[in-house]
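Below is one structure, written out as structure tokens; comments come after it.
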Amino acid sequence: MSYSNGIGDWKQVLTPVAPTSASQTQQVAERQKTAAGQNAAGVKADEAKLSPAGELIANALSGSDVRTAKVEALQKAIAEGSYNVSSSDVAGKIMDSLLK
């Protein structure tokens with residue numbers, strides 16, 4: 001099969017990939033077991049550490065933007081029927097959203 005890679009008239013020919021045989025799959029599995037055994041035997045694995053700035057960013061991204069105390073208070077007020085919103089506030093928000 002061939003296709004154009006979009007650079008002039010250059011064409012690249014692709015050969016079909018033959019499916020792996022069961023023996024090849026077993027060989028890969030054995031290599032992975034051997035590699036896992038070496039790591040358990042004391043070979044040091046790769047390790048990555050974040051800088052202090054990276055840690056701050058990671059912590060900020062893992063946190064939630066939801067203010068749970070405020071959400072719980074609003075849910076309680078709605079459930080009790082004591083949550084009131086003025087109609088002028090609702091109308092104002094509707095108008096703001098329509099004008100944007």
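Numbers here are sequence positions counted from 1. No experiment lies behind these values; they were computed from the predicted model shown.
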Treat each ILVMFWY residue as a node, draw an edge where side-chain heavy atoms are under 4.5 Å apart, and state whether V85 and V71 are in one component.
no
About how many Å separate CG of L56 and CG of L50, when rounded to the nearest 0.5 Å?
10.0 Å
Sequence-distant partners of E47, salt bridge (Lys or Arg N to Asp or Glu O under 4.0 Å), two or more places apart:
K49
Once you round to the nearest 0.5 Å, how far does CG of N84 lie from CG of D89?
11.5 Å
Under 3.5 Å, is there a donor-acceptor pair between the S62 and N59 side chains?
no
Between CG of L98 and NZ of K93, what distance do you get to the nearest 0.5 Å?
13.0 Å
